[in-house]
Amino acid sequence: MAMPPNRLDELSRAFGPHLNLAPPGGWEANPEPDKLVKTHCCFCGQQCGIQLKVKDNQVIGFEPWEDFPFNQGKLCPKGVKRYLQGNHPDRLKHALMRTEQGFAEVEPEPALDRVVDEIQSIQGRYGKDAFAVLSGVSLTNEKSYLAGKFARLGLQTKNLDYNGRLCMVSAGAGNKKAFGIDRAANSWADIEGAEVIWVTGANVAECAPITTDYIWRARDRGAKLIVCDPRITPLARTADLMLPLKPGSDCALTNGILHLLHKWDLIDWEFVNQHTSGFEETLEAVKDCTPEWTSNLTGLPIAAIEQAARMWGEAKTSFLLHARGIEHQSKGVENVSSCINMVLATGRIGKPNCGYATITGQGNGQGGREHGHKCDQLPGNRDIENPEHRKYICEVWGCTDEELPRKGLTAQEIMNAIHAGEIKGLLCLCFNPLVSLPDTEFTREALSKLEFFVVLDFFLSETAQHADVVLPAALHEEDDGTSTSTEGRVIRIRKAVDPPGDARPDWEILVDIASRLGRGKYFDHFTSPEAIFNELRVASKGGTADYFGITYAKIEQNMGVFWPCPDLDHPGTPRLFEDKVFFTPDKKAHFVPTVWRPPMEVVDAEYPVWLTTGRTVFHYLSGTQTRRIGFLVEQCPHPYLEIHPRLAELHGIAEGDAVEITSRRGALVLPAKVVRTIRPDTVFIPYHWPGALSANRLTARHLDPVSKIPEYKVSAVRIQKTTPDRFSPELAELQRMAFEARTNQPVLPEQVY
Ligand SMILES: Nc1nc2c(c(=O)[nH]1)N[C@H]1C(S)=C(S)[C@@H](COP(=O)(O)OP(=O)(O)OC[C@H]3O[C@@H](n4cnc5c(=O)[nH]c(N)nc54)[C@H](O)[C@@H]3O)O[C@H]1N2
Ligand SMILES: Nc1nc2c(c(=O)[nH]1)N[C@H]1C(S)=C(S)[C@@H](COP(=O)(O)OP(=O)(O)OC[C@H]3O[C@@H](n4cnc5c(=O)[nH]c(N)nc54)[C@H](O)[C@@H]3O)O[C@H]1N2
Ligand code: SF4
Ligand SMILES: [Mo]
């Protein structure tokens with residue numbers, strides 16, 4: 001379909017990143033594709049199937065892939081527009097090296113030589129662990145596995161961690177404590193038949209859009225929906241019961257529900273007695289969590305708490321879904337455990353139409369957390385400190401125990417160690433910490449202290465702008481591989497086009513660096529993604545995340561295979577625990593007692609308003625990709641402060657007014673978006689922008705003690721109306737662009753305000 005020309009494109013060049021509005025050749029060209037390639041979306045963990053239209057080695061559009069069972073052709077706006085990245089003029093095609101005059105394009109060889117020299121020099125002077133790796137799970141399983149092996153055997157450093165540390169680790173830790181395995185307990189098919197669906201801390205319609213479809217199909221069959229969130233999210237607007245709790249009070253709510261389930265004897269005693277342990281201690285922990293106590297802490301009416309407990313307790317089948325709203329907290333793991341306690345107490349797991357899952361975040365948020373990408377993990381979700389696990393991986397890798405580093409630091413701890421001068425060199429791929437870590441100013445200071453910094457990316461991210469060397473990587477559609485969706489389904493990512501210029505898939509770059517460091521014997525056999533996958537299969541064999549029985553051909557034949565899949569004849573496991581056998585040492589599911597405690601930072605007289613941060617449907621993570629796609633920027637050009645009319649009125653704030661938001665870390669000035677869909681004591685900012693627009697200038701480096709996830713969802717701030725001249729130049733420019741795009745005519749700055 002032809003789109004009208006739009007001034008957004010032209011004007012954006014003046015501001016910074018170019019916005020791509022049209023495919024190669026423009027909308028009018030609309031050429032016939034040479035081929036359609038069946039693959040998956042490069043963005044979120046839903047991993048929707050999509051067909052890319054390819055002509056002359058360029059992705060020029062997409063077609064729905066209706067046969068792929070998960071999304072049946074449906075896509076969200078990001079999936080629809082993702083193909084506009086490939087022909088983007090900002091695309092990195094050559095290596096960049098920092099000079100006195102700024103970045104200069106260089107040939108691949110001198111860039112790699114410099115990287116290798118610097119690694120050797122830093123490790124020679126300060127020890128192997130002084131060079132760290134930060135990686136990410138937009139990477140395929142193959143690349144995630146390789147990143148782990150590269151850090152441990154290529155660089156021989158213990159300090160490797162990944163951006164899932166900001167995302168999935170609270171759920172991972174909670175799952176392992178309860179079940180001994182870290183995966184959604186069910187495929188999404190079980191959502192559809194559930195009588196009650198409990199969604200907490202998940203903005204399903206915007207962040208897992210296709211899951212909405214499953215929930216609505218369940219509602220069509222009579223299911224009741226309960227949503228817990230300080231904001232009335234789009235899905236919550238269709239809920240039977242909305243619980244708009246205070247940020248950070250989740251464990252008080254779920255403890256209160258368990259208290260009532262016990263009081264009203266809505267417990268599945270047979271399941272609890274036969275298949276679980278730890279229930280008595282857990283009941284002891286909730287014995288004083290009366291509805292009055294719960295109401296005090298959560299701010300919810302007693303009647304609503306009781307109604308939720310009845311709806312959940314009296315149902316025969318149910319499905320509980322959560323995401324970062326409960327996990328991005330300094331008690332993220334406890335919040336997860338308290339949800340699992342509710343599921344176990346009612347025995348609603350391991351049978352049809354009953355289930356529990358965390359909704360994964362990044363594209364490969366599931367697979368990327370299984371195969372040795374984490375600072376304490378080896379492939380197959382093995383433990384790097386467990387002698388048996390080390391022995392097995394040493395055999396697969398052909399190394400000695402002395403050669404295999406032990407547990408290293410987590411992502412935020414790596415940044416802290418860089419800031420403290422203990423880590424001197426960093427290789428960063430698929431991670432944009434300058435936007436995504438909390439306390440932006442601290443991260444910026446840390447990056448400026450590095451003696452050497454190399455980044456692999458396909459765009460010059462804000463973090464890459466601080467690098468000494470940037471190596472151009474391949475886009476999702478430029479390489480083969482596998483990924484694991486939120487359901488635990490291992491799927492095939494298919495190469496559609498070749499990378500441009502000197503850009504190469506990350507695995508090729510890492511193998512090259514390892515060889516130049518003299519470690520080629522561990523890497524030189526990796527000549528294709530499939531070769532890496534075949535080693536991953538063996539390395540995962542016998543671990544809880546067992547992929548041994550999964551091959552590229554089997555994925556192809558079955559539209560994906562659910563792990564665990566321990567041998568080649570095994571069909572895969574869509575629903576876990578059907579035999580009521582769990583992956584814990586005693587084979588039982590474990591209740592974990594949770595005692596409520598407040599967030600690390602609470603509101604007070606100086607900072608009286610709760611701040612929570614998160615996403616909008618139109619942008620993805622740190623925004624390096626979606627902030628370059630014209631349509632998405634047009635829909636959501638800049639960040640804003642979501643605020644309730646009552647709070648706004650208290651401060652004399654009206655829609656669009658400039659508001660200064662100040663925390664103990666820093667301040668931002670953003671336009672107000674006055675909405676009735678948020679608690680009046682809470683404000684919300686989407687976090688997809690850098691610099692003066694970054695929500696993370698306000699957030700704190702408070703971590704969950706177990707998972708080490710930052711508390712992005714709870715901070716204390718104060719707000720004050722200010723004047724539009726206090727908007728940062730970036731915000732003013734984006735506002736102007738958006739206005740012109742809407743009206744298609746240039747305006748004077750004051751008209752925007
Ligand atoms: N459009 C879009 N989709 C995405 C992404 C994206 O960037 N953009 N990113 C992907 C990734 S990596 C992730 S991790 C997921 C994240 O997916 P979600 O976790 O669903 O998204 P968030 O916006 O981070 O937060 C979810 C909800 O938590 C609520 N919340 C805040 N504080 C609390 C609290 O104290 N308790 C409770 N119960 N709720 C609270 C927020 O109001 C918000 O509605 O989305 C994935 N999908
Ligand atoms: N305030 C606040 N902060 C948050 C959150 C929040 O809710 N609130 N959410 C947190 C969460 S859940 C997450 S997941 C993190 C995400 O934070 P990040 O991981 O930092 O975000 P991304 O935008 O995914 O950064 C990935 C970078 O890798 C690049 N990239 C993508 N694919 C590839 C690839 O295949 N190879 C290479 N080499 N590069 C690639 C992209 O261009 C981008 O520059 O943010 C966290 N930060
Ligand atoms: S829901 Fe997620 S995977 Fe599906 S199209 Fe949107 S961003 Fe892509
Ligand atoms: Mo995430």
Side-chain angles (χ1 to χ4, degrees), residues 42-46 76-78 85 134-140 143 162-168 199-209 227-233 235-236 243-250 253 322-329 335 358-363 365 411 428-438 455-464 471-476 478-479 486 505-506 509 599 610-626 642 678 682 684-688 694-696 698-699 709-710 712-715:
C42 59
F43 294 130
C44 87
Q46 308 277 291
C76 85
K78 295 179 299 303
Q85 295 174 83
L134 284 176
S135 183
V137 286
S138 294
L139 297 177
T140 56
K143 289 170 192 163
Y162 80 134
N163 63 3
R165 187 67 57 190
L166 319 181
C167 182
M168 304 294 316
V199 174
T200 179
N203 183 358
V204 170
E206 296 201 67
C207 301
V227 176
C228 318
D229 198 302
R231 299 159 62 225
I232 309 176
T233 58
L235 180 74
L243 301 172
L245 78 183
K246 264 188 214 161
S249 67
D250 295 274
L253 173 64
H322 59 74
R324 305 308 86 73
I326 68 162
E327 300 164 29
H328 276 163
Q329 295 187 25
N335 287 342
T358 181
I359 306 173
T360 60
Q362 306 105 317
C428 183
L429 71 158
C430 200
F431 197 161
N432 190 9
L434 194 55
V435 180
S436 56
L437 282 181
V455 169
L456 278 58
D457 207 313
F458 37 72
F459 289 130
L460 194 65
S461 70
E462 291 71 26
T463 301
L471 300 173
L475 271 178
H476 200 258
E478 293 165 358
D479 195 18
T486 191
D506 300 274
I509 302 173
W610 297 106
L611 165 73
T612 190
T613 61
R615 300 159 160 76
T616 95
V617 69
F618 297 110
H619 286 284
Y620 188 64
L621 303 181
S622 70
T624 36
Q625 296 171 264
T626 50
E642 236 180 66
I678 187 165
T682 304
F684 167 83
I685 305 176
Y687 91 100
H688 313 284
S694 176
N696 277 323
L698 303 172
T699 54
I709 206 166
Y712 294 117
K713 293 295 186 267
V714 197
S715 318

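For ligands, and for the atoms within them, numbers begin at 1 and follow the listed sequence.
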Any donor-acceptor pair under 3.5 Å from T463 side chain to L434 backbone: yes

Mutual orientation of the aromatic rings belonging to Y712 and H328 [parallel < 30°, tilted 30-60°, perpendicular > 60°]: perpendicular

Ligand 1 contacted by H322 (non-hydrogen, < 4.0 Å): no

Ligand-residue contact atoms, ligand 1 with Q329, heavy atoms, under 4.0 Å: 34 (C), 35 (O), 36 (N)

Polar proximity ligand 1 side, T233 side, N/O cut 3.5 Å exclusive: no

Polar side-chain atom of T486 near backbone of G45 as donor-acceptor pair, under 3.5 Å: no

Proximity of T616 to ligand 1 by residue part, where a heavy atom lies under 4.0 Å: backbone

Donor-acceptor contact present, side-chain N335 to main-chain D250, <3.5 Å: no

N/O donor-acceptor pair under 3.5 Å between D506 side chain and A474 backbone: no

Main-chain N/O of P230 paired to K246 side chain as donor or acceptor, under 3.5 Å: no

G248, any N or O under 3.5 Å of ligand 1 N or O: yes

Pairwise distance NZ(K143) to OG(S135) - rounded to 0.5 angstrom: 10.5 Å

Main-chain N/O of I359 paired with R324 side-chain donor or acceptor, under 3.5 Å: yes

Atom indices of ligand 1, in the order listed, that fall short of 4.0 Å to a heavy atom of C228: 38 (N)

Within the protein, residues bringing a heavy atom under 4.0 Å of ligand 2, chain by chain: S138, L139, N163, L166, C167, H328, Q362, C430, F431, N432, S436, L456, D457, F458, S461, A473, D506, T613, G614, R615, L621, S622, T624, Q625, Y687, N696, Y712, K713

Flag, side chain of Y687 to backbone of T613, donor-acceptor distance under 3.5 Å: no

Donor-acceptor pair, side chain of S436 and main chain of S622, under 3.5 angstrom: no

Geometric cation-pi criterion, R231 with F684: 6.0 Å, 45°: yes

Close-contact set for ligand 1 against E206 heavy atoms, below 4.0 Å: 1 (N), 2 (C), 3 (N)

Location of contacts on D250 toward ligand 1, heavy atoms closer than 4.0 Å: side chain

Intermediate values then yes/no, side chain to side chain contact (heavy atoms under 4.5 Å, CB included), Q85 and F458: CA-CA 10 Å; Q85 295 174 83; F458 37 72; 4.2 Å; yes

S249-ligand 1 polar pair, N/O distance under 3.5 Å: no

Ligand 1 atoms in contact with P247 (distance to a heavy atom under 4.0 Å): 35 (O)

Numbered atoms and elements of ligand 1 in range of G201, under 4.0 angstrom, heavy atoms: 19 (O), 26 (C), 27 (C), 28 (O), 37 (C), 38 (N), 39 (N)

Whether I326 lies under 4.0 Å from ligand 1, heavy atom: yes

Subset of ligand 1 atoms that lie under 4.0 Å from at least one heavy atom of T200: 38 (N)

